[in-house]
Visitor: 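Pasting a structure below so you can have a look.
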Amino acid sequence: IMGTVFINEKTISLIDLYTIIEAQNIGGFNRKADTDLNKNKNKTILVVDDSPMYRKLEADLLLSMGFTVETANHGGEGFDMISNKEYDLLITDIEMPVLDGFEFVDKIRNELNNMNLPILALSTRVSEKDIARGKEVGFDWHMEKFKKDLVMDKVLNILGEK
């Protein structure tokens, strides 16, 4: 249980989905971060996801790997942050309010003319159509959520740590 919320005067428990998945050995969640944590301290990653649960899980994973992590609740907030600060990597969801991931990345690439920021889409939307659209707007990589080990490896490879 991650916590509880009150809705219509009823207590609702929030489950930690990643812990359940990890316990069932689904999606390769058993490997621990096997990296020199001090090496990663000077790398800052922006995680943009409208789901508080996924945002926290992604941030916690990256923090466990030694990275500095900042988060945004949606593409609009993420765009403001990228407009004012440089990041080593952007990890973003696609389905979000204000600016979805496609609009968000398109604005980064075209309005900010930021072609150097590595961008990883981490989403449940992984159809061929979604991947093609992502490439069109400027995603460098497109991965499915729930693949913790693959995400860890990809982040380390992107940032030259492996």
Visitor: Could you go step by step and tell me if I94 and H142 meet the side chain to side chain contact (heavy atoms under 4.5 Å, CB included) rule?
Guide: CA-CA 10 Å; I94 293 176; H142 198 126; 3.4 Å; yes
Visitor: Which heavy-atom pair separates A72 from M81 by the least distance, and what is that distance?
Guide: CB-SD, 3.7 Å
Visitor: Find out whether L89 and K43 are in side-chain contact, i.e. whether some heavy atom of one side chain is under 4.5 Å from a heavy atom of the other.
Guide: no
Visitor: Whether the side chain of N8 engages the backbone of K10 through a donor-acceptor N/O pair (distance < 3.5 Å, no angle test) should be reported.
Guide: no
Visitor: Hey, what do you get for CZ (F79) to CG (L90), rounding to the nearest 0.5 Å?
Guide: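 So the gap between those two atoms works out to 12.0 Å.
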Visitor: How far apart are the C-alpha atoms of E111 and D106, what are their side-chain angles, what is the distance that settles it, and do they pass the side chain to side chain contact (heavy atoms under 4.5 Å, CB included) test?
Guide: CA-CA 8 Å; E111 287 184 31; D106 187 56; over 6 Å; no
Visitor: I need the K147 NZ to L122 CG distance, nearest 0.5 Å.
Guide: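 Here the interatomic distance stands at 11.5 Å.
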Visitor: Nearest 0.5 Å, what's the CG-CD distance between N114 and E86?
Guide: 8.0 Å
Visitor: If I compare all heavy atoms of D49 with all of K145, which pair ends up nearest, and what's the gap?
Guide: OD2-NZ, 2.9 Å
Visitor: D140 side chain to I119 main-chain N or O, any donor-acceptor pair under 3.5 Å?
Guide: yes
Visitor: What is the distance from atom CD1 of I131 to atom CE of M143, rounded to the nearest 0.5 Å?
Guide: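 Answer rounded to 0.5 Å: 10.5 Å.
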Visitor: If we ignore hydrogens and angles and just use 3.5 Å, is the side chain of N157 paired with the main-chain N or O of L159 as donor and acceptor?
Guide: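 Not a single qualifying donor-acceptor pair exists.
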Visitor: Is it true that a side-chain atom of E103 and a backbone atom of D100 form a donor plus acceptor pair closer than 3.5 Å?
Guide: yes
Visitor: Minimum heavy-atom separation for L117 and I82, please, with both atom names.
Guide: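 Reported closest heavy-atom pair: CD2-CD1, 3.9 Å.
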Visitor: Can you tell me how far the CZ atom of R109 sits from the CG atom of N116, to the nearest 0.5 Å?
Guide: 8.0 Å
Visitor: Are I158 and M152 grouped together when hydrophobic residues (ILVMFWY) are joined by side-chain heavy atoms under 4.5 angstrom apart?
Guide: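 Yes, I158 and M152 fall within the same hydrophobic cluster.
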Visitor: Using the rule that Ile, Leu, Val, Met, Phe, Trp and Tyr join whenever any side-chain heavy atoms are under 4.5 Å apart, tell me whether M65 and L63 fall into a single cluster.
Guide: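 Looking at the clustering, L63 is in the same group as M65.
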Visitor: Which residues pass the side-chain hydrogen bond (donor to acceptor under 3.5 Å, both in side chains) test with E70, not counting sequence neighbours?
Guide: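 With sequence neighbours excluded, E70 shows a side-chain hydrogen bond (donor to acceptor under 3.5 Å, both in side chains) to K85, Y87, given in chain and number order.
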Visitor: Between R125 and D130 (side chain of the first, backbone of the second, donor and acceptor by atom type, cut-off under 3.5 Å), is there such a pair?
Guide: no
Visitor: E58 vs I45, test: side chain to side chain contact (heavy atoms under 4.5 Å, CB included). Steps then yes/no.
Guide: CA-CA 11 Å; E58 291 165 19; I45 300 172; over 6 Å; no
Visitor: Shared ILVMFWY cluster between V126 and V105, side chains joined below 4.5 angstrom?
Guide: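 No, separate clusters.
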Visitor: What heavy-atom pair brings F102 and G134 nearest, and what distance separates the two atoms?
Guide: CE2-N, 3.6 Å
Visitor: Can you hop from I108 to M96 via hydrophobic side chains spaced under 4.5 Å?
Guide: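 Hydrophobic grouping puts I108 with M96.
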Visitor: Does D93 form a salt bridge (Lys or Arg N to Asp or Glu O under 4.0 Å) with R55? I'd like the steps, not just the answer.
Guide: CA-CA 9 Å; D93 189 17; R55 194 172 54 246; over 6 Å; no
Visitor: When hydrophobic residues are tied together by side-chain contacts of less than 4.5 Å, even through go-betweens, does V151 share a cluster with L46?
Guide: no
Visitor: If every non-hydrogen atom of T71 is compared with every non-hydrogen atom of A59, which pair is closest and at what distance?
Guide: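 Looking at all heavy atoms of both residues, the shortest contact is CG2-CB, 4.0 Å.
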Visitor: Not counting sequence neighbours, which residues clear side chain to side chain contact (heavy atoms under 4.5 Å, CB included) with E9? List them please.
Guide: none
Visitor: Does the pair L57 and L61 meet the rule for a side chain to side chain contact (heavy atoms under 4.5 Å, CB included), with working shown?
Guide: CA-CA 6 Å; L57 293 169; L61 171 65; over 6 Å; no
Visitor: Are the side chains of F67 and V155 in contact, using a 4.5 Å heavy-atom criterion?
Guide: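 They are in contact (side-chain heavy atoms under 4.5 Å apart), so the answer is yes.
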Visitor: Write down the atom of V48, the atom of G75, and the distance for their closest heavy-atom approach.
Guide: CG1-N, 3.9 Å
